[in-house]
Amino acid sequence: MSTHPKPLDREGLLMDTAVLAQFLIGKLIVRAFPDMLATARIVETEAYLTGDEASHGFRGPTPRNKVMFGAPGFAYVYLAYGVSFMLNVSSAVAGTGEAVLIRAAEPVTGLEAMKRQRGDVPTRDLLRGPGRLAKALDIDRRLDGIDLCSIGSLWLASDGESAGDIGVSVRIGITKDAMRPLRFFLKGSKFVSGPASLNAAL
DNA sequence: TTGGCGATTGGCT
DNA sequence: GCCAATCGCCAAT
């Protein structure tokens, strides 16, 4: 039984959402499976802001997106294209509808549990892409609204290691407000998703 | 009550 | 590279 990594402090997440998206690169996401802990290092995120037409929060709070309008550090989980779940971290003070999408991560521990969820895929592809990440970590709407700053079924932690160089690009898969530089990724990581043209290490 | 629309993925050409 | 699958959400009827 491995030790449970200490959750991030909620107060420490109160910052500009685009900055939080960069802050989360290199942090750990921890999933408690019945038989083991799975952990992964976040390597790719996107910020969704107030006044951002690509954001689910753009038209104000609804039953689906209400977590975005709550306090920071809670999970906003939704189903995309009727096929894939997306994990977001709520950001900014309550009343503000902003969030950070977790797009990809590098597996660290609990590979067996994650491969059990995903089937026979290469380790590199386990958490490469937001839908794959959610599937590997068994994340769905049951986890919508859970506290990511306390030990439970899913939380965020840090192992104290610095992230490395962070790259910036436009966000993937959106059509509105498509030119904003709000996607962040760990330069050189083979666990990052998206086209090589966006991931070039400049 | 309805229908148009996705913050994607995997399979096929 | 192209595209269908699949379904919850929500603005408009």
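Convention: sequence-line order gives letters A, B, ...; per-chain numbering from 1.
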**Message:** Under 3.5 Å, is there a donor on one side chain and an acceptor on the other for A:K6 and A:S158?
**Reply:**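 No, because no side-chain N or O of A:K6 sits under 3.5 Å from a partner of the opposite role on A:S158.
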**Message:** For a quick check under 3.5 Å, do A:E98 and A:T17 share a side-chain donor-acceptor pair by atom type?
**Reply:**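 Short answer, yes.
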If you only use heavy atoms from C-beta on, which nucleotide in [options] is closest to the side chain of [X]?
| X | options | result |
| --- | --- | --- |
| A:R132 | C:dC9, C:dG8, B:dG10 | B:dG10 |
| A:R141 | B:dA7, B:dT8, C:dC9 | C:dC9 |
| A:I174 | B:dA7, B:dG6, B:dT8 | B:dA7 |
| A:M86 | B:dG6, B:dT8, B:dT9 | B:dT8 |
| A:Y76 | B:dA7, B:dT9, C:dC10 | B:dA7 |

**Asked** Do we get A:R171 above A:Y48's six-membered ring, with its NZ or CZ under 6.0 Å from the centre and within 45° of the axis?
**Response**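 Positive - A:R171 is close enough to the ring of A:Y48 and near enough to its axis.
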Could you go over nucleotides 11-13 of chain C and give all protein N or O partners under 3.5 Å, atom names and distances?
none

Tabulate atom names and distances for all N/O pairs under 3.5 angstrom spanning the protein and nucleotides 4-6 of chain C.
unit_1, atom_1, unit_2, atom_2, d
C:dT6, O2, A:Y81, O, 2.2

Carboxylate-amine/guanidinium contact [X] [Y], below 4.0 Å:
| X | Y | answer |
| --- | --- | --- |
| A:R103 | A:E44 | yes |
| A:D120 | A:K115 | no |
| A:R116 | A:D35 | yes |

**Asked** Distance check: side-chain N/O of A:H56 vs OP1/OP2 of C:dC9, anything under 4.0 Å?
**Response**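 Result: no.
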**Asked** Within less than 4.0 Å of OP1 or OP2 of B:dA7, is there a side-chain N or O belonging to A:R183?
**Response**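 So the side-chain polar atoms of A:R183 never come under 4.0 Å of the phosphate oxygens OP1 or OP2 of B:dA7.
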**Prompt:** Any donor-acceptor pair under 3.5 Å linking the side chain of A:Q22 with the backbone of A:A18?
**Reply:**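 Between the backbone of A:A18 and the side chain of A:Q22 there is a qualifying donor-acceptor contact (under 3.5 Å).
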**Asked** Can any side-chain N or O of A:R41 pair as donor or acceptor with the backbone N or O of A:P107 at less than 3.5 Å?
**Response**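 Side chain of A:R41 to backbone of A:P107: no pair is present.
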**Message:** Over all strands shown, is A:R171 touching base, sugar-phosphate only, or nothing at heavy-atom distances under 4.0 angstrom?
**Reply:**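 The answer is nothing, as A:R171 stays clear of every strand by at least 4.0 Å.
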**Message:** Categorize A:R118 for me: base, sugar-phosphate, or nothing, with a 4.0 angstrom heavy-atom threshold over every strand shown.
**Reply:**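 Contact class for A:R118: sugar-phosphate only.
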**Prompt:** So what does the secondary structure string of DNA chain C come out as, 5' to 3', with Watson-Crick or wobble pairs under 3.5 angstrom, [ ] for crossing and | for pairs with another strand?
**Reply:** |||||.||||||.
**Prompt:** Given the rule in the side chain to side chain contact (heavy atoms under 4.5 Å, CB included) test, do A:L126 and A:V121 qualify, once you have shown the distances and angles that lead to the verdict?
**Reply:** CA-CA 7 Å; A:L126 257 188; A:V121 302; 4.0 Å; yes
**Message:** Looking at A:K66, I want to see if its NZ is surrounded by more than 12 non-hydrogen atoms of other residues, nucleotides or ligands under 6.0 Å.
**Reply:**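 Result for NZ/A:K66: open.
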**Message:** Does atom CD (A:E112) have a neighbourhood of more than 12 heavy atoms from anything else shown, all under 6.0 Å?
**Reply:**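 12 or below, so no.
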**Request:** Mind calculating the distance between OH (A:Y48) and P (B:dA7) to the nearest angstrom?
**Result:**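 Interatomic distance, OH of A:Y48 to P of B:dA7: 7 Å.
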**Prompt:** Which comes earlier along DNA chain B counting from the 5' end, the contact point of A:L133 or that of A:T175, where each point is its nearest nucleotide?
**Reply:**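 This one resolves to A:T175.
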